[in-house]
Amino acid sequence: MFHIQEKQIQAAFRDLVRIRYGVEAEIAIEQPKQSSFGELALPVAFQLAKELKQPPRKIAAELVEAAGDIPGVAAMEVAGNGYINVRFDRGAYGAALLAGEGDHAAPGSGKTIVEHTNINPNKAAHIGHLRNAVLGDTFVRMLRALGHTVEVQNYIDNTGVQVADVVVGFHFLEKKTPAKVALLISSPEQPFDYLCWDLYARTSQYYKDNPEALAWRAETLHSIEAGEGALAEMAHLVADAIVNAHLATMLRLNIQYDVLPRESEILHLQFWASAFELLKERKAIYFEQEGKNKGCWVMPSSAFRGEGDANEDSKVIVRSNGTVTYVGKDIAYQLWKFGLLGKDFHYKPLTRYTDGHEVWVSTSVAQPRPAPAFGQARKVFNVIDTRQSYLQDVVVAGLRALGFEEQARQSIHFSYEMVALSPRCCADLGIALSEEDARRPYVEVSGRKGLGVKADDLMNKLIESALSEVASRHPEDNQAAQLAVAVEIAMGALRYFLLKFTRNTVIAFDFQEALSFEGETGPYVQYAAVRAGRILNKLEDRGENLPDFAAELTREAMARQLENEDCWQVLLAASKAGAALERAVAAGEPAHMARYAFQLAQEFSNFYQRFKVLDEPVPERKVFLLWMTEFFRLQLRRTLAILGIAVPAYM
RNA sequence: GGGCGCGUAGCUCAGCUGGAUAGAGCAUUAGCCUUCUAAGCUAAGGGUCGCAGGUUCGAGUCCUGCCGCGCCUACCA
């Protein structure tokens, strides 16, 4: 609601400035530092002062004089040395909120693809992967809340080095057959992704000690690429099993996907061959005749770096042995996302979530059941950590070099910084640090070294901690219900923790911070929502009914109640969800949405403390406070839903 | 060497296109539970916004230089 009012005022002033001064100006709008200054502040007079060579205060006065009546605005005044402060018509604003105005999403144009998670299917997910998935999933929810059509893709590199290394571990180090690995997958003794976590670290260490063993990796990769033999069979077993594990892990956090495009199909359906032809035909890459990259197909550095860059290294796309690099495959995949490749995957359903939604996975042969139309996006967000910026630049440069300028501009690297381990966290995990590492502010997670916090371990730890809180507060409830609530609190805490940092901040992971349920945390916001609901439930317990707000709260009554400054400020804050969402999407920053959720919860906590809703003796006021409570409950619920956080039944 | 990012309270972090007195959480200290459950609320202390210049009515925010830290700069992904 707030942002609609904001836009109206902006438009009114834009017209005013154009008519009066003949100037086209973007009208900046700010939140006044103090609430006593009103709801909006316009520094437009400062902008105009230089151009018009007049003092800002004078211009501001003229504008206020000339503005006349703007719908929804009660008063405007000149303040400071030229600010225009705007005060809303409180009664009208409240009535509009009551009527439910301003909360319908406008339909977007074209499909947006968000690719996230993308974990190598060779070991358990860790906290770094969680950051990726939670950021991606939340951004998807934000886009959908604005009315965009979004397709969620999770790319599976099931034929890469990382999968190969685990296969090497099983086959060469542990001498296991595919049948034996299949048994391990179904064994309840140890989760298969955990087992692979250790095995992957062990294999990496083995390479270090025995570099000649790298020949095993090469052999395995060849077998996988050819799609034949025990090694290839095992690779499929491992990758499929780990993908299932990852889907299960992410589902705990309420993260779902639409389609899983796999590298094996990019290979077998010759996606690369098509892209390769295109790249050669349009001279985006060339065959290097000399130097260190002799015999490779390379993209010139001028394509993806600025002109005159001192570093003239070009990027190898096809190796001298004829195999394609990851970037090459990624270019093909990116082309497919926009429908530019002239090819499509075949698809089969992989699983169905309990809510009925299906996840599809790519496959190389035609299927009887028709799949939804995947790909064909207008805009693509790739949620990938910032360390891969260079490669993402190459992919985009590939599109550009092929002449797909528009698609290149619509390819967004949704980058974020890594999750590292704080020194204290390493101590908690019993990890010994080198003297050098101990002095650093944080230590990088490493799958190869097996150094990291597993996602499921962290979630289990959070649940355990939340459960003991729940049990101590609600000993009367049965254990299953306690657990259900604890899970929701734990997942809320985790999602919020990963979202509260802006994308380019390195998270130095710390158990103490992540396990906190107080202060700026998910549970704090959940608690506010639960409390709001409880007031309304309590009302019914007392034998009263929820009033018919539309009938009982006339505009006049609304205006009377909102004369109370505290009530007005609280309602104003609660009505800014739409504005917060728009800004967060524009900035591409889920953290802004999380922050708003916290502020909203803070406002409600203040409201809760200050107004005893159920004991309010004045009837009109009680109706009004109940409506505020209902409004808060709705806004909190919606905001939490965008963050992918549930509202527990009780806390 | 080059590219990208970061440096704000004791700690962890916000700070939207430059705007009014730089914010939040944690931690510390002092208060508030027979009340719609305190996972909450109130209050206090705590700042050379890395350093130095510049741009202008105005700079934590923009520009330049320096200092420190991190990541990237593979025929790995």
Is A:T386 side chain donor-acceptor paired with the B:C71 base, going by distance under 3.5 Å alone? no
Under 4.0 Å between a side-chain N/O of A:H592 and OP1 or OP2 of B:G15, yes or no? yes
Expressed as a whole number of angstroms, how long is the span from A:L614:CG to B:C36:P? 8 Å
Please tell me if A:S516 has a side-chain N or O lying less than 4.0 Å from either OP1 or OP2 of B:C26. no
Please tell me if A:R473 has a side-chain N or O lying less than 4.0 Å from either OP1 or OP2 of B:A39. yes
Whichever of A:E589 and A:V613 has the more 5' nearest nucleotide on RNA chain B, that residue is A:E589
A:Q602 side-chain proximity, nearest of B:A77, B:G40, B:G25: B:G25
Taking only the side-chain nitrogens and oxygens of A:Y608, find out if one of them lies under 4.0 Å from OP1 or OP2 of B:A38. yes
So, taking the atom named CD in A:E6 and the one named CD in A:E39, what distance separates them when rounded to the nearest 0.5 Å? 11.5 Å
Less than 3.5 Å between a donor and an acceptor, one on the side chain of A:N85 and one on the base of B:A20, is that the case here? yes
Candidate nucleotides B:U37, B:C36, B:U73, ranked by approach to the side chain of A:Y650 - the nearest: B:U37
Check every atom of B:C41, B:A77, B:G25 against the side chain of A:E520 and return the nucleotide holding the closest atom. B:G25
A:Y200 pairs by side chain to side chain donor-acceptor pair (under 3.5 Å) with which of A:K449, A:R448, A:Q205? A:R448
OP1 or OP2 of B:C6 under 4.0 Å from side-chain N/O of A:N504: yes
Considering only heavy atoms and no angle criterion, is a donor-acceptor pair shorter than 3.5 Å present between the side chain of A:R595 and the base of B:A24? no
Would you mind telling me which of B:A77, B:G25, B:A39 lies closest to the side-chain atoms of A:Q388? B:A77
Select base, sugar-phosphate, or nothing to describe what A:L536 touches, counting heavy atoms under 4.0 Å on all strands. nothing
Looking at A:Y326, does any N or O in its side chain come under 4.0 Å of the phosphate oxygens OP1/OP2 on B:A77? no
Please confirm whether the shortest side-chain N or O distance from A:R387 to OP1 or OP2 of B:A77 is below 4.0 Å. no
Rounded off to whole Å, could you give me the NZ-to-P distance for the A:K612 and B:C36 pair? 8 Å
Ring geometry between A:Y326 and A:Y155 (parallel below 30°, tilted from 30 to 60°, perpendicular above 60°): perpendicular
Is the ring pair A:H129/A:H246 parallel, tilted or perpendicular, if the boundaries are 30 and 60 degrees? tilted
Please give, in whole Å, the distance from B:A39 P to A:Y524 OH? 12 Å
Does the aromatic ring of A:F46 sit over the six-membered base ring of B:G58, closer than 5.5 Å centre to centre and tilted less than 30°? no
If you check the A:S320 side chain, which of B:C75, B:G70, B:U37 turns out closest? B:C75
Among B:G15, B:A38, B:A77, the one nearest A:T325 by side-chain distance: B:A77
Measure the acute angle between the ring planes of A:F632 and A:F607, then classify it against the limits of 30° and 60° as parallel, tilted or perpendicular. tilted
Would you say B:C36 has OP1 or OP2 under 4.0 Å from some side-chain N or O of A:R542? yes
Contact under 4.0 Å: A:R610 side-chain N or O vs B:C41 OP1/OP2: no
Are A:Y207 and A:W216 an aromatic pair by the rule of ring centers under 6.0 Å? no
As a test of reading the structure: which of B:C72, B:A24, B:U37 is closest to the side chain of A:Y390, going by heavy atoms? B:C72
Counting just side-chain N and O atoms, does A:N293 come under 4.0 Å of either OP1 or OP2 of B:C75? yes
